[in-house]
Amino acid sequence: MCGIVGYVGGAEAVPILLSGLRRLEYRGYDSAGVAVLDGGRLATRKAVGRIANLERALSEEPLTGKAGISHTRWATHGGVTEANAHPHFDQSGKLALVHNGVIENHLALRAQLEAKGHIFHSQTDTEVLAHLVGAAFDAQDAESPEALVEAVRVALRQVTGTYGVAVIHANVPGTMVGARRGSPLVLGVGRDEHFLASDVSAIVAHTREVVYLNDHEIVALRGNGFDISTLAGTDATFQISRVEQGAEDADRGGYAHYMLKEIHEQPGATRDALRGRLSREEATAKLGGLNMTNAQLRDVERIVLCGCGTAFHAAMAGEYIIESLARLPVECEIASELRYRNLPMARGTLVFVISQSGETADTLAALRECRRKGHRVLGICNNVASTIARESDGGVYMHAGLEVGVAATKSFTSQLTVLTLLGLLLGRIHGLSCAEGMEILKALESLPDLVTKTLEQESRIAEIARKYAHARNFLFMGRQANYPIALEGALKLKEVSYIAASGHPSAELKHGVIALVSAETPSVCIAPRDAVFEKNLANIEEVRARGGPVIALGTEGDGDLAKVADDVISLPQAPEYLTPLLATIPLQLLAYHIAVTLGRDVDKPRNLAKSVTVE
Ligand code: F6R
C-alpha cells in the first residue's frame with residue numbers, strides 16, 4: 001500500500017504533488033508528507049492523518065521548489081506518528097526517500113548501519129533504505145545524477161522484499177531517481193517535466209504519456225528527459241503508452257458518501273459489465289478479452305478463482321454460479337494462501353484472478369506463481385492497465401467505473417456479473433442448450449432493472465439499521481451461493497461500522513456459533529425462495545427459539561418468512577444464480593446506514609486502505 005508521487009520540471013512541485021496524493025489516498029491515509037528541492041535546499045513537511053492535514057501544514061508553512069517527492073502512508077513498520085511518516089532521510093539529511101513496499105531484512109541492515117554510527121529517527125523499514133542509499137552515495141567521489149542512480153542500485157541490491165521508491169538529493173538538484181520491485185511505479189512523460197507515481201490516476205491530469213516500469217528497473221528523471229536502466233546496470237527497453245482513462249470525476253454527486261453513491265451506481269455498473277457481451281444470435285456470452293477460442297475453452301477441465309477480501313467472496317459465489325451453469329469443477333483460493341501453497345493443478349486448469357484495483361500484492365503474486373507453473377491466468381479487473389491486467393494472459397474488465405469508497409460495493413456486483421457471464425459462456429460450451437442459454441441471457445438483460453428495484457428498499461433498510469445499530473455483534477447466514485454473500489455482508493459491516501460480525505453457512509450455526517445467539521445479537525438470514533428455502537426457514541426458527549432477533553432477506557411477498565422474522569427485506573423475483581448479487585445490495589445498505597448512525601468515517605474506515613499492495 002502507500003502511494004508515491006514525484007515531480008521534476010518547471011512548475012511549482014507542491015500543488016502537483018498534493019493533487020496526486022489526493023488521488024492516491026485510497027492506498028492509505030495514516031500519514032502523508034512531502035520533500036521539495038529548492039535549488040540545493042531540501043525541505044519537508046509531514047502530518048499524521050489525511051492529506052488534508054498535510055495541506056493545512058503546507059498552507060501554514062509553505063514550501064517552494066520545482067522537484068519533489070511525496071507519500072501517503074498505510075503503516076506497516078512503526079506506528080502512525082509524524083516521525084514514521086515519509087519522506088525519510090539519510091544520515092546526512094541531504095537525501096530524501098519515499099517507499100511503497102516492505103524491506104524484509106531491515107532489522108539486519110539497521111543493525112549493520114547502527115554499528116557504523118548511523119542514527120535512526122523512526123521505526124520504519126524505509127528509513128533504513130534511505131540510510132543505505134545515502135551511504136552508497138557518500139561513498140562515491142562524484143555528486144552527479146549518475147552517482148545517485150548508482151547509489152540506489154547499490155542499496156537495492158542489498159535489500160530483500162518489495163519496493164517502489166523515489167529519491168532526491170540536495171546535491172543533485174533537478175534529478176529524481178525511482179525504482180521498483182513488486183510495487184507499482186509509473187513514469188509520466190510531460191513536456192519539460194516528468195512525474196513518478198504509484199498509479200496513473202495521480203498524474204493523468206498532467207500527462208497521458210506513461211511508461212509502466214518493470215520490476216528491477218531504475219529510472220532517472222530530469223525536467224528534460226529520463227533514462228531507464230536495470231538493477232543489474234544494463235539499459236532497459238521501454239515503451240511509452242498512452243493512457244485513455246481521464247482524470248475521472250471523483251465527486252460525490254450529491255450523495256453524503258462515496259459508498260452510498262457507489263451502491264446506487266450498481267444498476268449502471270451491472271449494465272456496463274454486460275454491455276456488448278450478450279449474443280442473442282448464439283444465446284451466449286461473448287468475452288473476447290479472454291483471448292481463447294471456444295475449442296480452447298472446451299479443453300478447460302477445471303477452473304481456479306482467486307482473490308482477496310471481497311474479491312475472494314466473489315470467487316466463492318462464482319464457484320457456485322459457474323458450477324451450476326457450466327457443470328465444470330471450480331475451486332476458489334485466497335490469493336495470499338495460493339501464492340505459498342503447492343496446489344496440485346492439472347493440465348487443463350484455467351486460473352482467474354479477481355481484483356478491483358488490479359494491484360493487490362497477494363493476488364499479483366498468485367498470478368505470477370500460476371503463470372510460472374505454466375498455467376494460463378486471466379484477470380477480472382476494474383482498473384484498466386493495472387499491473388494484474390497487464391500481466392495476465394487476458395481477461396474481462398468489470399467496467400464498474402472509479403470506486404472511491406474503501407469498502408468495495410459496485411465492484412463486487414460487477415465481479416458477480418462477469419462471473420455469471422463466464423458461467424453462461426462455459427455453460428453453452430459444456431452442455432446448456434440454446435433455449436437454456438437464451439433464458440439466462442434474458443435474465444441477465446433484466447439484471448440492471450432488478451438491481452434498481454432492490455435499491456428501492458433503502459428507506460426500509462435504513463429504519464432497520466437504526467433499530468439494530470447499537471448491537472455489539474451480528475451474525476450473517478445463507479446457504480449455497482448466498483453463503484459467500486453472508487460473508488460479504490459481515491465484512492461490509494465490520495469494515496465501516498467496526499461491529500463484530502461473522503458470516504456462516506446457515507446449517508453450520510448449530511455446530512457452535514449458535515452459542516452467540518441472544519436477544520442482543522441480531523442474525524441476518526438470506527432466505528430467498530429457492531431449493532433450500534425450507535432449510536433456511538428451519539435455521540431461522542432455531543435462532544428465534546433462542547431469542548435471537550432475525551432480519552431476513554426473502555423473495556418479495558413471502559408470507560412464510562414474514563411470520564418468523566422480526567424484520568424482512570424484500571428481494572425481487574429472480575433466478576437462483578442472480579439472487580446472490582441482489583441479496584448483496586441490502587447488506588451493503590444495512591452496513592452503510594448502521595455506520596452512519598454510529599457516526600463512522602464511512603469512506604475511509606480506520607486502519608484500512610483501498611488497495612493492499614503489501615503482502
Ligand atoms: C473490502 C475490500 C477488500 C478488497 C481486497 C481486494 O471492502 O475492499 O477486501 O476486496 O483488498 O482488493 P482488490 O479487489 O483491489 O484486489
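Owing to the predicted nature of the structure, the values given are computational and were not obtained by experimental measurement. First listed ligand is number 1; within each ligand, the first listed atom is number 1.
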Are F195 and H206 close enough that their ring centres sit under 6.0 Å apart?
-> yes
Identify, for atom 3 (C) of ligand 1, the protein heavy atom at the shortest distance, and state residue, atom and that distance.
-> T310 N, 4.0 Å
Do ligand 1 and Q415 have nitrogen or oxygen atoms that lie under 3.5 Å from each other?
-> no
For G309, take its heavy atoms, then give the atoms of ligand 1 lying under 4.0 Å from any of them.
-> 9 (O)
Exercise: do S506 and H504 side chains pair donor with acceptor under 3.5 Å = no
Considering all heavy atoms of both residues, which atom of I4 and which atom of L24 are nearest to each other, and what is their separation?
-> O-CD1, 3.3 Å
Salt-bridge test for R50 and D601: reply yes if a basic N is under 4.0 Å from a carboxylate O, no otherwise.
-> yes
Any N/O pair G358/ligand 1 closer than 3.5 Å = no
If only atom types and distance count, is the side chain of S411 paired as donor or acceptor with the main-chain N or O of A408 below 3.5 Å?
-> no
Give the contacting part of E359 toward ligand 1: side chain, backbone, both or neither, where contact means a heavy-atom distance below 4.0 Å.
-> neither
If you scan protein heavy atoms around atom 13 (P) of ligand 1, the nearest is T360 OG1, 3.2 Å
Between the side chain of K494 and the main-chain N/O of I499, is any donor-acceptor distance below 3.5 Å?
-> no
Ionic contact status for R372 with E369, cut-off 4.0 Å = yes
For K492, the ligand 1 atoms with a heavy-atom partner under 4.0 Å come out as 1 (C), 7 (O)
Check each atom of ligand 1 against the heavy atoms of A407 and keep those under 4.0 Å away; list them by number with element.
-> 7 (O)
Please report the C-alpha distance between Y592 and H257 in whole Å, then the side-chain angles of each, then the deciding distance to 0.1 Å, and finally whether the ring-ring contact (aromatic ring centres under 6.0 Å, His included) criterion is met.
-> CA-CA 9 Å; Y592 171 79; H257 297 96; 5.5 Å; yes
Which of the ligand 1 atoms, numbered from 1, are nearer than 4.0 Å to a heavy atom of S357 | 13 (P), 15 (O), 16 (O)
Among protein heavy atoms, which lies nearest atom 5 (C) of ligand 1, and at what distance?
-> C308 O, 3.5 Å
Does one side chain, of E458 or H593, offer a donor that lies under 3.5 Å from an acceptor on the other?
-> yes
With a cut-off of 4.0 Å, which atoms of ligand 1 are near a heavy atom of A311?
-> 10 (O), 14 (O)
Is the shortest side-chain N to carboxylate O distance from E25 to K604 below 4.0 Å?
-> yes
Could you find the nearest protein heavy atom to atom 1 (C) of ligand 1 and give me its residue, atom name and distance?
-> E495 OE2, 2.9 Å
Does any N/O atom on T363 come nearer than 3.5 Å to any N/O atom on ligand 1?
-> no
Run the contact test for V406 against ligand 1 with a 4.0 Å cut-off on heavy atoms, strictly below, and give the result.
-> yes
Please could you name the atoms of ligand 1 that S355 approaches to less than 4.0 Å, counting only its heavy atoms?
-> 13 (P), 14 (O), 15 (O), 16 (O)
Starting from atom 11 (O) of ligand 1, find the nearest protein heavy-atom neighbour and note its residue, name and distance.
-> V612 CG2, 3.9 Å
Determine whether more than 12 heavy atoms belonging to other residues, nucleotides or ligands lie under 6.0 Å from atom CZ of R242.
-> yes
Residue and atom name of the nearest protein heavy atom (relative to atom 14 (O) of ligand 1), distance in Å to one decimal = Q356 N, 2.7 Å
